[in-house]
Structures are given as C-alpha cells and as structure tokens.
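Each remark here refers to the structure printed beneath this line.
Labels below follow one simple rule: chain letters A, B, ... track the order of the sequence lines, proteins then strands, and each chain is numbered from 1. Since the structure is predicted, the reported quantities are computational estimates derived from the model, not experimental observations.
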Amino acid sequence: MNFWTVMNGVAWALSGGLFLLILWDFIKVERARRAESRAVDAADCAAAREGAACCAPTTASAFRDGTAEPAAGEEER
Amino acid sequence: MSQEAASAAAPESKPHLMKVLGPMHIWALGVGIVLVGEFMGWNFAVAKGGSLGAIIACWVIGLLYTALVMVNTEIGSVIPEAGGQYAMAKYLLGPLAAFNVGLMLVFEYVMLEAADALVIGELLKTLNPAIRSLPYVILTLMFFTYLNYRGVFATLTVNFIITALAFITIFILLFATKFYHPSQSLLQLKQMTNGLPYGLIGIIAAFQFGVWFFLGIEGTALAAEECRSIGRALPVGALVGMATLLIGATITWYVCSGLVPSAHLGESVYPLFDAALATHMPWVVAALFAGTLLSCMASANGCITDSSRAWFSMSRDTLIPGAFAAVHPRYKTPYRAILFLLPIAMVFGFTGLLDQVITFSIFSALLVYLLCGYMMFKFRAMYPLGSMKRGYVAPWHPFTAILLITLALATLAGMYFGYWINLLAGFLFYFIASFWFAFHRYKYVDYKTLIKAGAVHWPRPKGY
C-alpha cells in the first residue's frame, strides 16, 4: 500500500466525517424547528380553545417552519 | 388563526439571509466561478476558429458579458432580494418566466459545480496512477457544501483568497516567459499561431468556447440580498470582476498562444498547465498546477452559493415547494436548498460526461442572457430614468440590450453547429418544466407574496 492509496482512504474518511457533521447539525436544527412549530401550534390551540377545534398546523406555523405546503384539505396561499 | 390573518402574517415571517457581504466578496463570487474557464475549456475555440478566431471570440464574448453585467447591475441594484436574474424576472416578466429563469440558473451552476469537481478528480489523477478521482470529487463537493452551510461570509472570504491565488499564478506564468524582453522571451506568437483558418464561420463557431472566459460572472447578482450595501457592493464587485476577467483572458490567450502550438492548444485539456510545461521551469509548473486546482475549487464553491440562492428564492416565492425556503437559525444560510442540490451535483459528477454537463450549463446561461436583454427593455419602459433611485445606470441603452440579445443568439447559433441534439434536449427539458409549472404548480403561487418586496420599495410602474 503506497502513500497515494492511503490518501484515497483519507479523502473518503474526510468526506464521511463532513457528511456526518452536516447530518448531525441538520437533524438538530430540524428537531428544534419541529419542536418550536409544535409549541406555536399549541399556543394557537390554547388561544382558540373557546372556538373551533384547532390541532392541525396553521399556515403561519408552516411558514415559520419553512414548510408552507398545503396541508390536507387546506388551500395553499 | 384564520387563513386571511395567516397569509397576512406570512410575508413578515418570510425568511431572510444575513447582510454581511461587501464588494470584495462579490468580486470573489463572480471571478471565482469564472476563473476556471481561463485554465481550461476556452482553448477549444482555437480548434474551431484558429488562434486569431479565439481571441476575437474572447473579446466579442467579453462585449456580451460587459453588456450583461451592465444590464444586471442596473436592474439588480434596485432589487433587494437574493435570486439575481430570477428576482428580476419575477417583477418584470411574471411567474412562468421567473420559474424558468430560476431553473436555468440552478442548472447552470449545479452543472458547473459537477464539472469543477470532475476536473479536480481528473487533475489529481495525473499526479500518480494510484490516485482515484472519485473520493476527491466527493470530498470537494462535501467540503464546499459544508463551508456554504456554515455561512456565506466565511465561504466568500475563502473564495476571495483562493481566487486571488489562482489569478496570481497566471501572472507568474506571464512573467516567467520574460515577455517584456524581446531577445529572451519564450513566447513565439508568429511560429505558434495559425491565424484565421476557417474565416468568419470559424469565429462564430468559436463563440461558445469564448463563453468559458466569462461564464458565471452574472452570478454576482444572486448574492444581492446578502450585501451590506447593494448599491455599492454589486456595481463595484461585478464591474471590477469583469475588468479582471478581460485582463486575465487576454493574458491567458497571449501566453498560451505563444508557448503551445495551435494544433496542440486546440485539443489541450489544461492549456495554462501545458503552457507552464513548455517553459520547463518546475516552479512555474507547480504554480500552474496549484492554480488550476484552486480555480476549480473557487468555481465549485461559488456555484454552490449561487445555485442554492436561486433555489431558495424560488421556494420562498412559492414557485416551488416551500420546504427549501428555510434559513438556518444560527448560520443564516439557506441550508435546505444547499443540501438538496448536493446529491444532484454528485449524480452529474458520477456520469463523467464533462462536455455534456458543461454544454447544458452554457445553454441554460445563454437562455438567461436572452431574457436579461428583453428584461432591460421592460425595466426601462416600466420604470423610466428618474422614476426610481438606481445604484447604477447602464449607459447607451438600448444599444447595450440589443448587443446582449444579438450576441447571445449568435452564440446559440454557434452551439447549434456542434451540439444541436443537446440544444433540442435542453429546449424540451425547459418546455416540460414549464408545462409542469403552468398546469400543476401555478395554482399554489401567491402573487402578492411573490412581488411583495418590490411593491413596497418600488413606485407603481408606468402604464399599470
């Protein structure tokens, strides 16, 4: 095994390390985002407890979450 | 919360990128993407149009890009958003054209990024037969994706350093030839060049390779939203970048044409590196090897920045699914857009079809240039001079826009000679994408959200 063969392995290892770093941060951010979105929805539900049932994510929370796709039965704006 | 209230709240909660960039970063973004074209690719113009045809194509295409930068800078200096030509199109041409321009920009830069990574792998393989290109292709893409993920300021500061180092290596080669001393000069322009063997048609055929000298400089406008002062950073960065490229392109042609015989230059994979080999100076060879590598890295890095901004902007404006509009809470980067485009670049990198990948990139860019020329007419008609404050006013309108459209059409005609199947396939791809947008996605587009920023900052357009 010569130097360059080892360097090929080093390049793979570095790529894998970077991938894991990005993945770890991505999962962390997405979890935090989801938790925040749930908290906002829960607050919205509490505010609207007097009125109609409200448990699906609102358009506002979807925008905060960055996932403003139409929910089931909801027309997207 | 009612739907009306939610949609009213939505624009305020639209994600925004951090304003941290100055003219230096804009220069690094534009020149960084393009500089690789001086280290490779442009020289195929010599095979099509001869030595003289190549330099004529370089200067004519330089005119095209100067006109493009002027047009982009004038319109871009009043648009306070990421997205560059895409953002311009959404205000001036409407959602369908904006969708197409955005898609063209994304493919222009993703393809270029894949090509850069491929070249880095191939270049490293020349060091030793035991080196495999794939781990280095993947490592390059992963490293610059990580850098972009972590923040635009660090990304473009790194790009400034590696672009400047790569640019300096061209001057190292120039001065190593002792061009300033006629009796000791290594340059033999008369013996090495072959003039204009195919006449005017050769020049037109050479246009598509002359594009390599400048392809991607328009990407400066994509970082508009992240500039501390758009009115200053964008014109200064883009115009100084264009001047840098014109100087670099002319020196590159001069040195390569004087050191490498035209027959070999027209087929060379790394023309500047081959020119360095012709000097027989090991330190110049080492410098140009490093320069070629650095230019590819700078280009890949800038392409990730630009493609992700275009994708992010389209998502934020509801032209594509909204999931990609998220901004990283800590680094303030469009992290989902950055990560989404990574596997696409990798897939094209795996194909190994460098010329096909690059041709689609150039084709997409030329379509954007055509639309930019048209947008300039609309912009001046909708917002005549004096109706709004501009950071920059393009001189000689409408001549600039006419020149841009004419030269973009001539370059497309030149491409047709060698790559007509690619051209047809490209048109078909954008037609199918338009079809999907018009018949499926269009119903989700919120027009008020789409033009909200412009409606707040701009006066009512003339005639509306």
Side-chain angles (χ1 to χ4, degrees), chain A residues 1-37 40-41 43-48 51-52 54-71 73-77, chain B residues 1-15 121 124-125 127-147 149-150 312 315-316 318 321-331 334-339 342 443-449:
Chain A
M1 186 182 280
N2 69 13
F3 173 76
W4 294 110
T5 316
V6 175
M7 288 308 288
N8 290 338
V10 170
W12 276 121
L14 283 173
S15 303
L18 286 169
F19 175 74
L20 289 176
L21 265 176
I22 295 173
L23 189 70
W24 179 73
D25 188 78
F26 180 77
I27 291 171
K28 199 174 75 176
V29 170
E30 289 301 322
R31 276 189 178 164
R33 202 178 268 283
R34 194 152 294 179
E36 187 191 346
S37 179
V40 170
D41 287 339
D44 284 349
C45 280
C54 154
C55 285
T58 60
T59 310
S61 67
F63 265 103
R64 275 191 296 274
D65 194 32
T67 54
E69 275 295 273
E74 181 188 26
E75 189 191 345
E76 187 179 5
R77 296 302 305 267
Chain B
M1 189 185 284
S2 72
Q3 205 163 63
E4 288 75 20
S7 63
E12 279 75 41
S13 56
K14 268 176 86 174
L124 286 173
K125 255 168 73 175
L127 281 176
N128 191 292
I131 294 179
R132 303 245 172 260
S133 65
L134 192 60
Y136 298 96
V137 171
I138 303 293
L139 179 60
T140 306
L141 293 174
M142 289 304 299
F143 176 72
F144 288 114
T145 298
Y146 181 65
L147 204 58
Y149 185 93
R150 290 292 300 258
F312 164 78
S315 175
R316 190 173 56 177
T318 66
F324 304 108
V327 173
H328 195 288
R330 188 169 165 205
Y331 306 131
Y335 70 109
R336 285 185 186 163
I338 290 170
L339 295 184
L342 171 68
K443 59 180 175 281
Y444 297 127
V445 176
D446 180 353
Y447 201 73
K448 281 184 181 163
T449 305

With a 4.5 angstrom heavy-atom cut-off, could you sort out which part of B/Leu127 is near chain A: side chain, backbone, both or neither? side chain

Among the listed options A/Leu14, A/Asp25, A/Val10, the residue most often paired with chain B at heavy-atom distances under 4.5 Å: A/Asp25

Would you say that more than 12 heavy atoms from the other residues, nucleotides or ligands in this model lie under 6.0 Å from the CZ of A/Phe26, or not? yes

Does any heavy atom of chain A fall under 4.5 Å from the side chain of B/Tyr149, the backbone, both, or neither of them? side chain

Does one side chain, of A/Asn2 or A/Thr5, offer a donor that lies under 3.5 Å from an acceptor on the other? yes

Step-by-step salt bridge (charged side-chain N to carboxylate O under 4.0 Å, His left out) determination, B/Arg336 to A/Glu30: CA-CA 10 Å; B/Arg336 285 185 186 163; A/Glu30 289 301 322; 2.7 Å; yes

Calculate, to the nearest 0.5 Å, the distance between atoms OH and OG belonging to B/Tyr136 and A/Ser15 respectively. 9.5 Å

Let's test your reading of the structure: which of B/Leu342, B/Ile138, B/Thr140, B/Leu124 forms the most heavy-atom pairs below 4.5 Å with chain A? B/Ile138

